[in-house]
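Only this structure's heavy atoms are used, side chains among them; waters, hydrogens and symmetry mates stay out. Residue numbering restarts at 1 for every chain, and letters A, B, ... go by the order of the sequence lines.
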2 protein chains.
Amino acid sequence: MSVAVVKTPRASVREGREKSIFDAARSVFAEFGFKGATTAEIARRAGIPKANLHYYFATKEALYRHVTAEVLTDWLSAASSFDEKDDSAEAIAAYIGAKMDLARADPLGSRIWANEILRGAPVIGDFLETTLANWLSSREAIVRRWIDQGKLVAMEPRYFFYMIWASTQHYADFEGQMMALNGGKPLSDEQFEVAKIQVIETLLRGVMP
Amino acid sequence: MSVAVVKTPRASVREGREKSIFDAARSVFAEFGFKGATTAEIARRAGIPKANLHYYFATKEALYRHVTAEVLTDWLSAASSFDEKDDSAEAIAAYIGAKMDLARADPLGSRIWANEILRGAPVIGDFLETTLANWLSSREAIVRRWIDQGKLVAMEPRYFFYMIWASTQHYADFEGQMMALNGGKPLSDEQFEVAKIQVIETLLRGVMP
DNA sequence: GATAAGTTTGACCAATCGGTCAATTCATTG
DNA sequence: CAATGAATTGACCGATTGGTCAAACTTATC
């Protein structure tokens with residue numbers, strides 16, 4: 001029984017098309033949200049006729065759901081970095097760093113998320129109420145333990161996570177504003193590294209006794 | 001020369017209509033952004049026919065510009081609280097508190113701003129590059145002085161302001177997410193007060209030597 | 001109470017929306 | 001190479017878009 005390891009031209013064309021549509025959709029949804037996005041603009045950015053787009057993705061909503069699903073996966077992936085260290089400071093620093101890296105590597109994903117929330121989370125609402133809520137409450141328990149052990153100052157863990165999410169995702173969602181405040185240029189790699197370290201240190205100092 | 005202090009019925013009807021259209025527009029723009037918003041939906045929320053809306057505001061863009069102008073005014077108003085104290089900690093605490101209060105009092109304004117940035121700031125871009133950039137660089141100078149005086153830790157002031165903006169505006173822009181993580185209910189006044197104090201204390205501790 | 005000015009609204013318009021479809025082109029397989 | 005199925009696309013559809021307009025209505029002024 002031989003498995004076709006080498007993709008047929010047909011299959012790789014399909015793969016390539018789906019990828020280019022997917023990428024175009026990400027950028028349009030990130031910029032305009034679900035309602036403001038148009039399939040015509042997505043097709044234009046993908047470099048194909050609109051009818052071809054609808055051959056691969058039946059509806060705008062189906063395409064949007066594909067896009068959001070990936071965003072949630074990436075979020076959870078970064079979230080796992082919180083659990084990889086035992087020490088409180090190390091775990092927090094690793095998590096903030098991972099969230100900063102994700103914001104830098106995939107700002108569109110963060111913006112798609114932000115647009116969803118602004119619209120009342122019609123698609124990812126269920127994820128927020130279940131997966132995210134569970135993730136948060138279990139990590140709150142960990143942070144509370146650290147507080148009890150005197151490793152962190154007394155505080156409400158939930159609002160600390162909000163600060164982490166806000167401060168890190170800001171570098172993706174408000175990239176345009178930062179550009180305007182940076183002489184029209186995006187943050188350089190060097191600038192971003194400084195920002196990343198500062199976010200980590202400021203937040204860590206903010207919760208260390 | 002007598003000035004009409006009491007408004008004529010006509011004038012107050014006009015005032016009321018403009019206000020209700022304005023408020024409806026704020027909520028629709030905050031939820032869907034400029035492109036996703038429709039004049040039909042704004043008219044519906046204002047409780048008037050669409051044609052009547054266009055009698056008061058010629059175009060969707062004109063209405064949007066009115067709305068954004070007010071948002072920028074409110075932002076600057078909150079910004080002034082930074083200058084009302086001489087002591088570094090007091091000035092920072094007052095500013096964060098004012099930004100938290102603004103996010104709580106007018107979440108729609110913050111969301112309209114966020115939508116603008118996500119779309120590349122086509123309307124407020126000029127404000128960002130001039131007024132906001134000037135405000136930021138002059139306050140950076142103040143913070144740098146405090147650092148030189150040993151009142152604050154060494155850091156890049158700009159990224160500290162980004163953290164303040166992110167952490168405070170998060171309470172407006174991501175209110176929907178917080179609700180989902182709070183059993184479907186918005187933050188109570190008591191919860192918000194706790195969050196507000198925690199944001200202030202965490203950020204202050206984060207930059208104090 | 002007549003006239004003018006300001007306000008309201010249903011009907012309508014061209015453009016764009018998400019989506020369909022049949023005809024055509026293309027790659028694969030027997 | 002013939003036949004089959006996947007992929008492509010221009011033309012098209014009904015619905016919705018931002019916006020117009022003339023007619024009707026309401027208030028203010030003389």
Side-chain angles (χ1 to χ4, degrees), chain A residues 2-29 31-68 115 119 122-123, chain B residues 1-22 24-29 31-68 115 119 122-123:
Chain A
S2 75
V3 175
V5 177
V6 178
K7 272 150 195 152
T8 65
R10 194 132 250 179
S12 58
V13 161
R14 165 159 218 118
E15 215 168 81
R17 274 273 187 276
E18 276 175 354
K19 177 77 161 58
S20 67
I21 293 170
F22 197 80
D23 289 347
R26 281 173 60 84
S27 75
V28 175
F29 285 134
E31 192 171 340
F32 300 107
F34 176 75
K35 188 134 191 293
T38 67
T39 55
E41 176 62 15
I42 295 172
R44 200 190 61 77
R45 294 193 190 183
I48 59 170
K50 196 181 63 169
N52 199 7
L53 181 152
H54 279 99
Y55 173 74
Y56 287 100
F57 295 91
T59 66
K60 176 179 161 183
E61 190 180 331
L63 178 51
Y64 182 67
R65 285 184 184 274
H66 269 84
V67 166
T68 50
N115 268 307
R119 271 145 203 86
V123 169
Chain B
M1 238 177 101
S2 75
V3 174
V5 177
V6 177
K7 271 149 195 154
T8 64
R10 192 130 252 181
S12 57
V13 162
R14 166 159 217 116
E15 215 169 82
R17 274 271 187 278
E18 277 175 354
K19 178 76 162 59
S20 67
I21 293 170
F22 197 80
R26 282 173 60 84
S27 74
V28 175
F29 285 134
E31 190 170 342
F32 299 106
F34 177 75
K35 189 132 191 295
T38 67
T39 55
E41 176 62 15
I42 295 172
R44 200 190 61 76
R45 293 193 191 182
I48 58 170
K50 196 181 64 169
N52 198 8
L53 181 152
H54 279 99
Y55 173 75
Y56 287 100
F57 296 90
T59 66
K60 176 180 161 183
E61 190 181 331
L63 177 51
Y64 182 68
R65 286 184 183 273
H66 269 83
V67 166
T68 51
N115 269 306
R119 271 147 205 82
V123 168

*Counting any heavy atom closer than 4.0 Å, what does B:Ala37 reach on the DNA or RNA strands: base, sugar-phosphate only, or nothing?*
sugar-phosphate
*Kindly compute the distance separating CD (B:Glu61) from CZ (B:Phe34), expressed to the nearest 0.5 Å.*
5.5 Å
*Rounded distance (Å) that lies between atom P of C:dG18 and atom CZ of A:Phe34*: 8 Å
*For the pair made of CZ in B:Arg14 and C1' in D:dT27, what is the distance, rounded to whole Å?*
14 Å
*Minimum heavy-atom distance between A:Arg45 and A:Glu31, given as atom pair plus value*: NH2-OE1, 3.1 Å
_Whole angstroms only, please: what is the CD1-P distance between B:Ile21 and C:dT8?_
8 Å
_Point-to-point distance, once rounded to the nearest 0.5 Å, from OH of A:Tyr64 to CG of A:Asn115_ = 7.0 Å
_Taking every non-hydrogen atom, the tightest pair across B:Ala24 and B:Ile42_ = CB-O, 3.4 Å
_ring-ring contact (aromatic ring centres under 6.0 Å, His included) partner of A:His66, the single match among A:Phe57, A:Phe22, A:Tyr56_ = A:Phe57
*asked:* Would you compute the distance between atom CZ of A:Phe32 and atom OG1 of A:Thr38 and round it to the nearest 0.5 angstrom?
replied: 8.0 Å
*Looking at B:Arg17, does any N or O in its side chain come under 4.0 Å of the phosphate oxygens OP1/OP2 on C:dT7?*
no
*Measure from NZ on B:Lys60 to C1' on C:dT16 and round the result to the nearest Å.*
12 Å
*May I ask you to list the residues of residues 46-57 of chain A, by number, that have any heavy atom positioned under 4.0 Å from an atom of DNA chain D?*
A:Pro49, A:Ala51, A:Asn52, A:Tyr55, A:Tyr56
*Please give, in whole Å, the distance from D:dT16 C1' to B:Arg44 CZ?*
15 Å
*What integer distance in Å separates B:Phe32:CZ from D:dT17:P?*
11 Å
